[in-house]
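Here, residue 1 is the first one in the sequence, and each next residue gets the next number.
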Amino acid sequence: MPIIKAADGTITQINVFATTPESQQALISILAEAAKFSSATNGWRSASLHRSLDGTKVANYAQTDSLDAMKVVFERLSAAGFMQRTQKLGTANPGLFEVVFTLER
């Protein structure tokens, strides 16, 4: 489950992929497989996938305990070929973030 709490050290990768309606589900399937693969990595916390209603985007929201843990996740995913597989189905636009503010009802 994602943790959205300010200043707790969690690192969040938000990666929005541009894709086509024909490729959206295949991209989601690979990203789900990658999340399951990554979940065995020390420091991994969560992954959430979101699809746009028009079929042209997939957002991947992934969290780790630290920047070092995120780097290990990236290394494992790259070594296992996940980065190369997703490149065939969409264009990634990743960023690493930390939560600085939240507001809840």
Item checked: Hydrophobic cluster membership, Leu31 vs Phe37, 4.5 Å side-chain cutoff -> yes

Notebook entry, point to check: Shortest non-hydrogen contact from Leu49 to Ile28?
Noted result: CD1-O, 3.7 Å

Next item on the list: Work out which heavy atom in Gly43 is nearest to a heavy atom in Ala69; give both atom names and the distance.
Entry: CA-CB, 3.9 Å

Item checked: Glu75 backbone acceptor or donor facing Ser78 side chain under 3.5 Å -> no

Atom pairs and distances, side-chain donor-acceptor, residues 88-105, under 3.5 Å, sequence neighbours left out:
none

Next item on the list: Using the rule that two of Ile, Leu, Val, Met, Phe, Trp, Tyr join whenever any of their side-chain heavy atoms come within less than 4.5 Å, decide whether Ile30 and Phe17 are in one cluster.
Entry: yes

Note to self: Could you tell me if Ser38 and Thr41 have a donor-acceptor pair between their side chains, going purely by distance under 3.5 Å?
What the structure shows: no

Next item on the list: Kindly indicate whether the side chain of Trp44, heavy atoms from C-beta on, has any atom under 4.5 Å from the side chain of Met70.
Entry: no

Check: Is there a side-chain contact between Phe82 and Glu33 (heavy atoms, below 4.5 Å)?
Finding: yes

Next item on the list: Look at the side chain of Ser29 and the backbone N and O of Gln25, then say whether any donor-acceptor pair between them is shorter than 3.5 Å.
Entry: yes

Next item on the list: Walk me through it: do Asn42 and Val72 pass the test side chain to side chain contact (heavy atoms under 4.5 Å, CB included)?
Entry: CA-CA 9 Å; Asn42 287 337; Val72 172; over 6 Å; no

Notebook entry, point to check: Which atoms form the tightest heavy-atom contact between Val58 and Gln24, and what is the distance?
Noted result: CG2-CG, 3.6 Å

Check: side chain to side chain contact (heavy atoms under 4.5 Å, CB included) between Tyr61 and Gln13: does it pass, once the steps are laid out?
Finding: CA-CA 6 Å; Tyr61 186 94; Gln13 179 208 31; over 6 Å; no

Note to self: To the closest 0.5 Å, what do you measure between CG (Leu27) and CG (Asn60)?
What the structure shows: 9.0 Å

Note to self: Checking side-chain polar atoms at under 3.5 Å, does Asp54 have a donor or acceptor matched by the opposite partner on Thr56?
What the structure shows: yes

Next item on the list: Using a strict cut-off of less than 4.0 Å between a Lys/Arg side-chain nitrogen and an Asp/Glu carboxylate oxygen, indicate whether Asp8 and Arg45 qualify as a salt bridge.
Entry: yes

Check: Given side chains that start at C-beta, do those of Thr10 and Asp65 come closer than 4.5 Å, heavy atoms only?
Finding: no

Item checked: Distance (rounded to the nearest 0.5 Å) between Ile11 CD1 and Gln63 CD -> 10.0 Å

